[in-house]
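Lettering follows sequence order; numbering is per chain, from 1.
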2 protein chains.
Amino acid sequence: MQLASTGSGAEGRSAGRPVSRQVLADHVYEELLASLMDGRLEPGAAVSIDGTARELDVSPTPVREALARLEHTGMVRRVALKGYRVAPVFTQEDFAELMEARLAIEPVNARLACSRLTPGHLRELEQAVTDLKDAPRGPSFAEFRSYLEADERFHRLIAEQTGNQFMVAAYAALGGQIQRFRLFGGVGITDAEHAIAEHQAVLDAFASGDPQQAEAAMAEHVRKVRGRAIADAPAD
Amino acid sequence: MQLASTGSGAEGRSAGRPVSRQVLADHVYEELLASLMDGRLEPGAAVSIDGTARELDVSPTPVREALARLEHTGMVRRVALKGYRVAPVFTQEDFAELMEARLAIEPVNARLACSRLTPGHLRELEQAVTDLKDAPRGPSFAEFRSYLEADERFHRLIAEQTGNQFMVAAYAALGGQIQRFRLFGGVGITDAEHAIAEHQAVLDAFASGDPQQAEAAMAEHVRKVRGRAIADAPAD
DNA sequence: CCGGGCCAGGTCCTATAGGATCTGAACATG
DNA sequence: CATGTTCAGATCCTATAGGACCTGGCCCGG
């Protein structure tokens with residue numbers, strides 16, 4: 001059938017051969033991840049191996065491999081001989097634990113990233129904050145999707161800019177969960193004005209080049225997000 | 001061939017049916033993990049899917065799934081269309097990054113775990129420190145294997161005792177790397193006396209029930225491990 | 001009316017087949 | 001001698017087949 005579908009190597013440096021060919025399992029992984037991030041797959045829904053394979057027009061083998069990788073991100077859970085399910089909705093307790101973890105990791109990331117900041121990094125962060133301000137904030141998901149994307153990008157960029165592979169891994173272990181909470185926790189869009197101001201404060205600290213200040217600004221941001229979410233008190 | 005029939009395990013199972021059947025991919029995963037932890041697979045060595053399948057007398061499909069899960073632990077790396085390799089040896093830079101990450105995560109774990117400590121938890125930690133003291137510390141790997149196991153267990157228990165699933169995940173993202181470093185970094189056994197004393201100090205802080213002190217003791221331990229390793233200056 | 005057996009469809013899991021690709025060595029050529 | 005070519009084996013990757021298990025609907029006897 002459509003064996004070596006090729007089609008992916010548009011990114012090659014020069015013509016000829018793409019340096020790294022796309023494998024089907026990678027494509028399936030990205031497709032599933034996008035579905036999860038976009039909220040197309042609801043919490044608790046079953047993710048059938050065979051069904052996903054039919055839907056993407058591939059065999060179950062690459063789907064199985066992609067799901068095995070996804071399980072480690074915490075966005076899907078697997079029960080032996082029963083299959084995979086999208087992780088269930090956050091409880092308030094889950095949320096408190098997640099914020100505790102973010103508070104341990106993200107301020108450190110901010111300090112490390114700030115201490116080795118480059119002009120290029122700073123521009124990327126500025127772009128993220130600009131996108132955050134410009135993003136539409138309507139009631140439907142499609143409307144604030146770009147807002148959530150810019151928010152996630154800001155935090156991820158800081159993690160990557162630490163240059164520390166382990167801090168990136170630690171943040172990645174949380175990143176998917178953060179996104180999941182943003183989608184289903186019921187908050188995240190009502191506090192846009194406050195959140196934007198706090199992001200701006202973090203950015204200012206970066207611009208000033210003071211790692212301690214960056215760490216403090218990030219800690220304050222995470223604490224305030226937690227505070228606002230608790231105040232909103234999602235009915236659960 | 002030997003489908004779900006008998007023959008394969010050779011483990012005389014008691015009777016009836018196990019409530020949760022073992023899936024082959026899980027068995028392969030554990031087998032590979034043990035090989036990696038024990039150092040039977042050297043850094044940089046290729047881990048062939050077909051070869052592993054032949055060796056364990058299973059088909060390549062479960063091996064592929066197990067390796068996909070292992071990749072996320074950082075202990076093996078995958079290159080599309082080229083296969084899996086055991087992660088290479090730590091450089092001094094890798095080590096510095098790992099210690100930075102541990103310094104961000106483990107003291108927080110100690111504080112959280114101490115603040116909700118139970119007598120049962122304390123006993124488990126005491127047992128780990130006791131095992132650490134009693135473990136043989138010979139030159140060959142087989143001799144200090146139990147030492148490394150007790151060391152890893154101590155830190156992992158603290159992560160689990162936080163009761164915070166995300167801190168456990170963050171630590172797990174580092175745990176395999178810590179183990180890898182202990183095996184191949186050239187240090188970890190020469191500083192046993194110091195390390196044991198520091199573990200004892202952490203344990204004492206837990207016994208006193210002071211989370212701040214526990215956090216400080218853990219931070220000091222990690223810093224000193226880093227300091228001793230740098231002093232040893234592995235030739236690299 | 002209601003509960004238990006039976007069957008069909010779906011799913012998971014493993015094995016196997018075969019195409020596509022990489023690797024390394026033998027070999028030819030300037 | 002150095003360099004490029006060819007080829008065989010190993011390996012990766014995907015598709016497919018089939019056994020085992022679970023689920024839900026249907027039928028039948030009490």
Side-chain angles (χ1 to χ4, degrees), chain A residues 1-9 11-12 16-32 41 44-71 76-86, chain B residues 1-11 13 15-32 35 41 44-72 76-86:
Chain A
M1 302 299 184
Q2 86 284 8
L3 277 181
S5 58
T6 68
S8 64
E11 319 281 350
R17 36 179 304 193
V19 283
S20 168
R21 303 251 315 244
Q22 183 80 307
V23 173
L24 266 191
D26 295 336
H27 180 67
V28 175
Y29 180 88
E30 290 168 11
E31 204 68 31
L32 284 173
L41 291 174
V47 183
S48 152
I49 294 175
D50 292 353
T52 304
R54 281 192 299 272
E55 194 173 336
L56 299 181
D57 196 31
V58 297
S59 83
T61 310
V63 176
R64 176 173 295 277
E65 185 174 336
L67 280 171
R69 287 189 224 164
L70 269 177
E71 188 193 2
V76 298
R77 295 183 191 285
R78 165 179 167 274
V79 178
L81 299 176
K82 285 198 57 179
Y84 291 86
R85 292 190 160 281
V86 181
Chain B
M1 294 301 184
Q2 95 273 18
L3 276 181
S5 65
T6 58
S8 66
E11 340 266 347
R13 54 186 202 188
R17 34 184 298 200
V19 282
S20 170
R21 261 190 9 183
Q22 182 80 312
V23 173
L24 268 190
D26 294 337
H27 184 241
V28 174
Y29 181 89
E30 291 168 12
E31 203 67 30
L32 284 173
S35 292
L41 290 173
V47 183
S48 151
I49 294 174
D50 291 354
T52 305
R54 282 192 298 270
E55 194 173 336
L56 299 180
D57 197 31
V58 297
S59 83
T61 309
V63 176
R64 176 173 296 276
E65 185 175 336
L67 280 170
R69 289 189 223 163
L70 268 177
E71 188 193 3
H72 216 279
V76 300
R77 296 183 191 285
R78 164 179 168 275
V79 178
L81 299 178
K82 286 195 55 179
Y84 291 87
R85 292 192 159 283
V86 181

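If you take CZ of B:Arg85 and P of C:dC22, they are 15 Å apart, rounded to a whole angstrom. One interatomic measurement links the two molecules: OH of A:Tyr84 to P of D:dC22, which rounds to 18 Å at whole-angstrom precision. B:Asp26 places its CG atom 15 Å from the P atom of C:dC12, with the value rounded to the nearest Å. Rounded to whole angstrom, the span from the CG atom of A:Leu56 across to the P atom of D:dT14 amounts to 13 Å. What separates CG of A:Asp57 from C1' of D:dT14 is a distance of 12 Å, to the nearest Å. Taking atom NE2 of residue A:His27 and atom P of nucleotide D:dT14, one finds them 11 Å apart after rounding to whole Å.
Contact between the side-chain N/O atoms of A:Arg54 and the OP1/OP2 oxygens of C:dT11 is found at a separation under 4.0 Å. Here A:Arg64 does not reach the OP1 or OP2 of C:dC12: none of its side-chain N or O atoms lies under 4.0 Å away. Between B:Lys82 and the phosphate of C:dT23, there is a side-chain N or O to OP1/OP2 separation shorter than 4.0 Å. Regarding contacts with the backbone of C:dA15, a side-chain N or O of B:Ser59 is found under 4.0 angstrom from either OP1 or OP2. OP1 or OP2 of D:dC12 has at least one side-chain nitrogen or oxygen of B:Ser48 nearer than 4.0 Å.
Of the two residues contacting DNA chain D, namely B:Gly51 and B:Thr61, the nearest-nucleotide position lying further toward the 5' end is that of B:Gly51. Residue order along DNA chain D, read from the 5' end via each residue's closest nucleotide, puts B:Ile49 first among B:Ile49 and A:Pro62.
To the nearest 0.5 angstrom, A:Leu32 atom CG is 11.0 Å from A:Tyr84 atom OH.
Every residue meeting the side-chain contact (heavy atoms from CB on, under 4.5 Å) condition with B:Glu31, not counting sequence neighbours, appears here in chain and number order: B:His27, B:Leu56.
Comparing C:dT16, C:dC12, D:dC12 by their nearest atom to the side chain of B:Leu81 picks out D:dC12. The nucleotide whose nearest atom lies closest to any side-chain atom of B:Asp50 is, among D:dT11, D:dT14, C:dT11, D:dT11.
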Enumerate donor-acceptor pairs with a distance under 3.5 Å from any side-chain N or O in residues 63-70 of chain A to protein atoms, sequence neighbours excluded.
{"from": "A:Arg64", "atom 1": "NH1", "to": "B:Glu65", "atom 2": "OE1", "distance (Å)": "3.3"}
{"from": "A:Glu65", "atom 1": "OE1", "to": "B:Arg64", "atom 2": "NH1", "distance (Å)": "3.3"}
{"from": "A:Glu65", "atom 1": "OE2", "to": "A:Arg69", "atom 2": "NH2", "distance (Å)": "3.1"}
{"from": "A:Arg69", "atom 1": "NH1", "to": "A:Asp26", "atom 2": "OD1", "distance (Å)": "2.9"}
{"from": "A:Arg69", "atom 1": "NH2", "to": "A:Asp26", "atom 2": "OD1", "distance (Å)": "3.3"}

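Looking only at distances, a side-chain donor or acceptor of A:Arg85 sits under 3.5 Å from a matching main-chain atom of A:Gly44.
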